[in-house]
Structure formats: structure tokens, C-alpha cells
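Below is one structure; the comments refer to it alone.
Just so it is clear, the structure is predicted and the values come from calculations on it, not from any experiment. Only heavy atoms go into these numbers, but all of them, side chains included; no hydrogens, no water, no symmetry mates. Naming: A, B, ... by sequence-line order, numbering from 1 per chain.
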Amino acid sequence: MGNEFRLSDLADRIGARLVGDGEKIVAGIAPIEEAGPGQVTFLANPKYARIAKDSKATAIIAKEVVPGAQPVFLLSDNPYFAFACAVEAFHPPALHVPGISGQAVVDPSARLGRDVAVAPFVVIQEGAEVGDRTVLFPGVYVGKGVSIGPDCLAYPHVVLYHDVKVGSRVILHAGCVIGSDGFGFAPTPEGFRKIPQVGTVEIEDDVEIGANTTIDRATLGVTRVCRGAKLDNLVQVGHNVVIGSDTVIAAQVGISGSTRIGSRIMIGGQAGLADHLEVEDGIMLGGKCGVTNSLRASESRVWSGWPAMPHSIWLRSATLLPKIPELFRRVKRLEEGKKPKGEK
Amino acid sequence: MGNEFRLSDLADRIGARLVGDGEKIVAGIAPIEEAGPGQVTFLANPKYARIAKDSKATAIIAKEVVPGAQPVFLLSDNPYFAFACAVEAFHPPALHVPGISGQAVVDPSARLGRDVAVAPFVVIQEGAEVGDRTVLFPGVYVGKGVSIGPDCLAYPHVVLYHDVKVGSRVILHAGCVIGSDGFGFAPTPEGFRKIPQVGTVEIEDDVEIGANTTIDRATLGVTRVCRGAKLDNLVQVGHNVVIGSDTVIAAQVGISGSTRIGSRIMIGGQAGLADHLEVEDGIMLGGKCGVTNSLRASESRVWSGWPAMPHSIWLRSATLLPKIPELFRRVKRLEEGKKPKGEK
Amino acid sequence: MGNEFRLSDLADRIGARLVGDGEKIVAGIAPIEEAGPGQVTFLANPKYARIAKDSKATAIIAKEVVPGAQPVFLLSDNPYFAFACAVEAFHPPALHVPGISGQAVVDPSARLGRDVAVAPFVVIQEGAEVGDRTVLFPGVYVGKGVSIGPDCLAYPHVVLYHDVKVGSRVILHAGCVIGSDGFGFAPTPEGFRKIPQVGTVEIEDDVEIGANTTIDRATLGVTRVCRGAKLDNLVQVGHNVVIGSDTVIAAQVGISGSTRIGSRIMIGGQAGLADHLEVEDGIMLGGKCGVTNSLRASESRVWSGWPAMPHSIWLRSATLLPKIPELFRRVKRLEEGKKPKGEK
């Protein structure tokens, strides 16, 4: 990409402490297995220290020096943060040329901010608002009365149903759908009658939503994703759910209607949460876990398994699952008055 | 939205029995935690009776009067149905202006009914049919030979592959894909050879399909979603599956090829069903359950767990899972001839 | 479709051995339950031999003759392959008329091969390349610097983010998203900071990707789907994952970041794999299984369950899960010094 840095300058820029020759020049960043001379790399996990030792990279961002390694070290107490800054230094965000494509359809009543970029085949309906510098990629659909804040990115084919609200600096990946109808039907003798879903969705500032993720509008009221939350791809968020600030949700997680997820929660991939639950701030949920009750941080910070249990218990139970058949045999021997196997 | 009702009129309209002052006026509907004066609300679950008691709402739709609560009651044996009617009274469905956008591409051989609404960037291919009053949002793709009945709604970017059939009053949420190829490959020494998927999909009347749900066409024959079935978001329906009438399928469920789901079945979120199974009418499947055998209603009406077992057994087994490590210890003590822990 | 074949000619064409009257004519192919006179059908599973016996079809593709069945047999050691060839004989692939729609937006710097078909509302960005005879359905988005090889099919609304590479003869089903940002954030006291995802995705030759599947770009380096791999619908592939050649992944599977899946692997629906794992060539993973450790083929070829264990162990453990409550009762009786239930 053409960007080069003297290591001492790069260290300043990413807030790292230099250990080694600061005059060396680096012109790129690469994974630790691949980085060569003239490149900087990143040691995420001390487990890979051996790879660092053999690395031909010019510099390594890490938490601590790896003894015996040749490269210069750029040390940080938060090496992930330093790494993020370094990647950005070499790969500044793409510039989007502002302007409204002649092949977009923008309702005359829509209000667009300054320096907005509206690509071909975007549709912006009646009464919608789009904030300054927001970029709408091809095929984005902005429904009636939608409001999007400034500095957002909506990748191709994002769909915002009517009246959805999106804050500032929100990133919406391709194909995500915000504001589809919540799943609610009243049983009748003639089959199910749809309960109209007349609430909405609010996505607060600094949220990122993954590709093909779906977030349903509330039946009444609001489905809310709070400030700084990050949702991965193919996540399902049911009607009237609340997701707290700075919560991180991995791919294919499903959250059923009216469940309230606290702040600074981490949810592993494919986890599922039943409806009308509460999960307290700061809890971690393991991948694939199945949550059928509200969870309190005082009982356990980390939960796993199905049904979800404190992680330490899950680990022990899970290890024993393959030994269940053996346990049945051992109990049978006891019942028959025989000695345990292996004893005489 | 401007609609107001005298409570006695609203009671008539939603088929509810009035307990209290029918002359009061309501001008909106809100969730029970939020409803205030001039609003009607809904008590879904007797568990929340306490909230009803403190409610400042003017009226509550419920199954029974909550003793000590101030609001007027609108009682119904089917309060969900009464609620659905009330929401509709305050929020009549959006009107869609009929007409065919000049920015849509409609093949001259396609037949469009009366009062159809075709938005910009819709594509309707050769020989397709669209019924009266059906609304196609921006970016909907209607393949060659597709037939859609009257009074359907297809939200943005719905994709109907060639020859798919859709009945009347069907709702297709954004990004759902109907008629993609079934997943079939013949192994050969040179790798997999695609088995052409030359069947189709039929979606019967009154079906609703969630956002980003995928329904594959049959290899030969038909993948069928019968009358009144409701599928939530991100559901996967494999080739040659049959889903019976009035069956309700929550988000992220996966149904493998050729499995036949009966009528009036309810499937919880993230459940998975193997291929070539039969699930009998009226069965309920718990969230996340894994079905590897055909299920009979005579054996159990409700199934849960993985592998799926009668729900009552699953409940007991699931409760004991965290105690498995303890059971191993207890058996060890028995084998060693020791007394159970706690005994002297 | 008008195609008819004499059975002896069809046998030649699909590489099958004829048992019966080769002069008979067939004009279509149908499922075994439905096939009638003048049609050929396919006996996939000897379990259905009974149906074959009663079949009114003119001919059956199978591995072996079903004694007592009337139809002519077309025998093959690889009946799935013979079936694939037969379906293709009756349903030759659709022809796509080459040409670039006036309603597509193609950057002048993009290079399009010969006989490319570019539908309305396609966007092809700066510097992108599209190979000969490749077909882009309506709404396909081809980002800046993307390269697609010859003879590919991209169904409606496929999204290829910038710089993604796609090989030859690749099929991309509707709504799949290739190259969205990997899920990476550095925690800071002010919330999460996005780690820019500056790697890419490479899809090699003869790959098929299902509808609404998502494949994230690498943080640095490449997320790779190797030659001949087949991914079903709604699959999630995390950043820096490698999927080996001829690997088959069923719907709703999730693969976390940096995991390496070998060649000729089969993964059942809804399986989940944690990050930074290795799964060796030729392994089979059962549906819904949860993989939290690297798996070696020498330990087991087939793995199932959660946590994943050798399939034979899983089968036995799974059978016993519903009996866990009974086991607890039996151990209690032993502890109490009572005889097992049923004994006197």
C-alpha cells in the first residue's frame, strides 16, 4: 500500500515501547507465519513464541520480548490495541467519494447530510434521514422514516425496514436485515393470525452488525442494540430483545424474544438463549451453549453447556460424557456384587 | 397514528368482554411496562399480574381480571387473538401504491395482476406471474416461470429462483431465498459431481417466511411449505422437505433433505433434524434439540434434547448433567467399599 | 423438457449396464415414489427396494437389480454418479444469453471476458475482472479489485467485497457474502476498537457456496476455500479459516477464526468448530457436533457429539443420556445398601 514507517515512528504512533533498533524501516504488516524482512508482525499468544523466535520479520508487536528472537520488539500492555493501530497505519480506511448516484432512488422528502455517498440501486424512502459522510453501498434499502446517523457504512444489500433508527459510526455488513417483523402469531381455530409488529429497532452508536444477521422489530416498543455492541454474521435477534453496550456476540447466535442481555457480555458462536431471560453484565457464554434460565454474575462469570451451567462444572461434566457407558457397566457390576474391573 | 376508540367500541371490534367503564377513550397500544393513561395494553402471562396491578394504562386485554388493578379489562378466551386485533386497530397495515416502477425490469412475457406494486430494481423474468395486489419491494428477484399469487408481500431482496410457486397472502421477509439448489453431489474419483437440482419449491397460501431464510428446491419433485406455516429468520429447509400446514418454526432451525414435518408442529429455535425422517402432526420440538429418528406423537407430544427424547425425560436428565462428576465420585466410593460421603 | 432417450442410449450416456429391454423409450426422470411409465427413476438406498418392486417406472438406476421388479435396470457401481448424468441428460443446464445489461453499472477499468452475462442492477467496481462465460444474476455486487474466473454462476444479490478472488466454474448461490470483515476487536477502556481486516478470501476452482452463506476475509493473509469444496446454505466461515479440497459442509455449520479443515472432510449440519483448530483429512463430523480440540484421523475417522468424541462412543453415550436419572436412582440404592430394583 506504499506506507512505510521508521520503527521509532511506528512505536510512537501505536503507543508501543521499542526494544531494538528504531531506525529500521517497515513497509507492511503480515501474519507471524509469513512475515519477512521489512515487515512487522504480531504475536497474539505467547504459545506461538517459538514461531516468533524463528521469524524473519523486522519487528514484532507483543506483550513481552521473546528471548532469543532476532526482530525488534514493539511492546504494549494491550498488544491487540497496538496491532489494530499498526494495521490501520499500513492500511488506512478506504475513501468513499461522496455523491448521489443517478441510479439511486431517493424520495424527495428524504434528508441527506453532507458528503454522503449513495451508490447505484440504493433506495431511500419517504422521510428517511442519512447523516453526514455516511456511505450506502449498492442495493442498500432505507425504508420510510428510517434515520441513520453520521459516519456509518452500510455494505451492499443491507435492508433497514421502516422507522428503524441507526446511530453514528455504525457498520452494517452486507445482507443484514434490521427491522423485519418479530415472530408473533395468535392461534385461532382457523390457523395462526399474525400479530402486527408495530414497534421498531434502535441501533446505537459504534455498533457493528455482521453479514446476513437479522434483527427483528419489536411487537410494541423497541428492540435495542446498545452503544459499542458487536454482532458477528448470521446472528438472530428476536423482537423486543435488548443487547447491552460493548457486548460481543459471535456468529450464528440466536436470542429469543424479550430477552435482555447486559453490557460487556461475550457470547460464543451458535449459543442460543430462550425468551424473556436476563443475562447480567459481564457474563461470558461459551459457544453452542443453551440458556434456558436467567443468569447471574454472582453465581458464575462464565457459563457453558446445555442447559447452561457454570463453566467449571461443564468442563468436568463434558469430560465425563464419553465415560457414561463405562459408568453404567461399573454400576451394574456393583449391583451384581462383583468387584470393580481390574481387581481380583 | 391518530386512531382512537371508545373502549366499548374497541371491545366489540376485538371480540372482548368489557369489565369497567366503556366510555373511556384510548388512543394507542403499548407494552405493559410502558403503557400510560389513554393507552391499552396486554397481559400475556398471568405471571406479570403484579405489573398489571400497578399499571397506569386505561385498559388491559387479558384472559381474566387482575384483582386490585385499576384499568378497565377487555377479557377474551384468546387474549393473543384479541391483542392481534387491537394492534391492527391502532396500526392498520401500510398501504402500498400500485404501479410498476420505470426502474424495474419486467420481461414482456410476464403476467402481472391488477394493482400490483413493483418497486425499483425489481427483476421479473420470462413467463413469471404476479397476482393481484401483490407488493414487490426494491430488489426482489422473480425468476423465469415463477408464479406468485395475489395479496403477497415480498420485502427487499427476496430471491425466487426459476419455476418456484408461491400461493396467496404469503409474506416473504427481506433476503429470504426460495428455490436455491438442493445440496446433492455424487462422489467420483475426480471429486464431487453436482447432481442437477431440477425440482422446485411450492409455498402454499398464508405462509410467512423469515428474513434470510433459505428453502432449497427439490432434486426431483417438490419441496413444499403447506398452508399457514410460519418460518422465522435464518431457517434452512433442505431439498424435498415437506412442512405441514400451520406448523411454526423458530429461527435458525435446520431441516435436512427429504424430511417430512407434519401439521400444527412447533419447532424451537436452533433445532436440527436429520434427513429422511417423519415428524407426526402436533408434535412440539424444544429449542436446540437434535432429531435423528422419526418421532411419533403417541410416544410423546413434546421432545427435547440431543438426541431428542421425550421432554419430561430430557428435563430430568438435563438437571442431572452438572451432577455427573459427583456421580462418578459416588460410584468410586462404592467400588472402594467406602460409605457414601456425609455418612459415618 | 422434450428430451427422450432409448434406454440403450441412455445407459451408454450415463455409463450404466443395461438389464432388460434397451429399446424402450424414456422421456423424463422422477422420484421413485412418483415415477410412471415412460420415466426413469433412481434407487438411492437398498432400503427402498420394496418401492422399486412396485414401481411403474420404465427403468431404474441402481447398484443392483431388485429381484421381482418389472422395470429395466441401469446398473452402476456409482449409482449417484449415473443418476447425476441422467438428470443432466433430461435437464441440460440453462443457457444464459451473453451480454451486458444497460442497467448494470460497470466501471470502465473492469475487464470482462468473452460471452459474459451481466444482468440488470449488477455493479462491477474499479479494476475487477470477470472471466469468460461467467453469469452474474441481477443485483450481484463485484467489489473493487475482485477477480472471478471463467464459467462461474453468481445468483442474485451475491456480494463479493473488494479484492476477493474466485476461481473457475464456481457456483455462488443467492445472497452469499464473500469477504465481509473478520470479527476482531481490541478491548480498550473506552470499549472495543475495530482491528481492520485487510486480508482477503480466495475461492478456488469448482467450489459451490450455498445461499446466504458468509465467508469473512482474513485479518491479514487469506481465508481460503480449496478446489472442489461444497458449502451448503447459511454456513459461517470465520477469518483466516482454510477449508481443504473436496470437503463438504452442510447447512448452518460455523467455523471459527483460523481453524484449518483438511481435504475430503464431511461436516454435518449445525456443527460448530472453535478457533485455531486443525481437522485432519478425511474426517467426518456428525451434525450438530461441537469441536473444541484439533481432531486426528488416526484416533477416529468419525466424530460426533459435544464435545466431539469418536462416533461409536457418542452413539453409546447418547443412548444412555435418557437413562441418567435411572442411574442416579440405582447408585442411591447401592449407597443405601438396598438390592437393585426388581430383585428380591
Side chain, backbone, both or neither: which part of [X] has a heavy atom under 4.5 Å from chain B?
X: His173(C); value: both
X: Ile29(C); value: both
X: Glu88(C); value: both
X: Ile32(C); value: neither
X: Ala30(C); value: backbone
X: Asp246(C); value: both

For chain B, the option from [options] that forms the most heavy-atom pairs under 4.5 Å:
options: Lys323(C), Arg264(C), Gln252(C); result: Gln252(C)
options: Tyr155(C), Tyr80(C), Phe42(C); result: Tyr155(C)
options: Ala251(C), Pro138(C), Gly228(C); result: Pro138(C)

Contacting region of [X] [heavy-atom separation from chain C under 4.5 Å]:
X: Asn240(B); answer: neither
X: Val237(B); answer: neither
X: His276(B); answer: side chain
X: Thr188(B); answer: both
X: Val222(B); answer: neither
X: Gln103(B); answer: backbone

Where do [X] and [Y] come nearest, in terms of heavy atoms and distance?
X: Leu234(B); Y: Leu234(C); value: O-CD1, 3.4 Å
X: Phe192(B); Y: Val248(C); value: CE1-CG2, 3.4 Å
X: Arg193(B); Y: Ala84(C); value: CG-CB, 4.1 Å
X: Ala211(C); Y: Val177(B); value: CB-CG1, 3.9 Å
X: Phe121(C); Y: Val122(B); value: CE1-O, 3.7 Å
X: Ile313(B); Y: Pro322(C); value: CG2-O, 3.5 Å

Heavy-atom check, side chain of [X] versus side chain of [Y], under 4.5 Å:
X: Asp216(B); Y: Asp232(C); value: yes
X: Arg330(B); Y: Lys332(C); value: yes
X: Ile195(B); Y: Phe81(C); value: no
X: Thr219(B); Y: Phe83(C); value: yes
X: Ser317(B); Y: Pro325(C); value: yes
X: Leu334(C); Y: Val331(B); value: no

**Report entry** Side-chain (Gln270(C)) to main-chain (Ala271(B)) donor-acceptor, under 3.5 angstrom
**Finding:**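 A pair under 3.5 Å: yes.
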Requested in this report: Give a yes or no answer on whether the side chain of His157(C) reaches the backbone of Gly139(B) with a donor-acceptor pair at less than 3.5 Å.
Outcome: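 Flag set: sc His157(C) to bb Gly139(B) pair under 3.5 Å.
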Supply the atom-to-atom distance [X] [atom1] to [Y] [atom2], rounded to the nearest 0.5 angstrom.
X: Phe328(C); Y: Thr319(B); atom1: CZ; atom2: OG1; value: 10.0 Å
X: Ile324(B); Y: Ile324(C); atom1: CD1; atom2: CD1; value: 3.5 Å
X: Arg316(B); Y: Glu326(C); atom1: CZ; atom2: CD; value: 11.0 Å
X: Leu220(B); Y: Thr41(C); atom1: CG; atom2: OG1; value: 7.0 Å
X: Glu208(C); Y: Lys194(B); atom1: CD; atom2: NZ; value: 3.5 Å
X: Phe137(C); Y: Tyr161(B); atom1: CZ; atom2: OH; value: 7.5 Å

Of the listed residues ([options]), which shares the most heavy-atom pairs with chain C below a 4.5 Å separation?
options: Pro307(B), Gly238(B), Gly191(B); value: Pro307(B)
options: Val253(B), Thr292(B), Leu321(B); value: Val253(B)
options: Pro310(B), Gly305(B), Ser180(B), Gly143(B); value: Ser180(B)

Requested in this report: Quick one: sort the Trp306(B) and Trp314(C) rings into parallel, tilted or perpendicular, breaks at 30° and 60°.
Outcome: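 Rings of Trp306(B) and Trp314(C): tilted, 30 to 60°.
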Query raised in the report: Does CZ in Arg260(B) sit with more than 12 non-hydrogen atoms of other residues, nucleotides or ligands closer than 6.0 Å?
Result: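 Atom CZ in Arg260(B) is not packed in, count stays at 12 or less.
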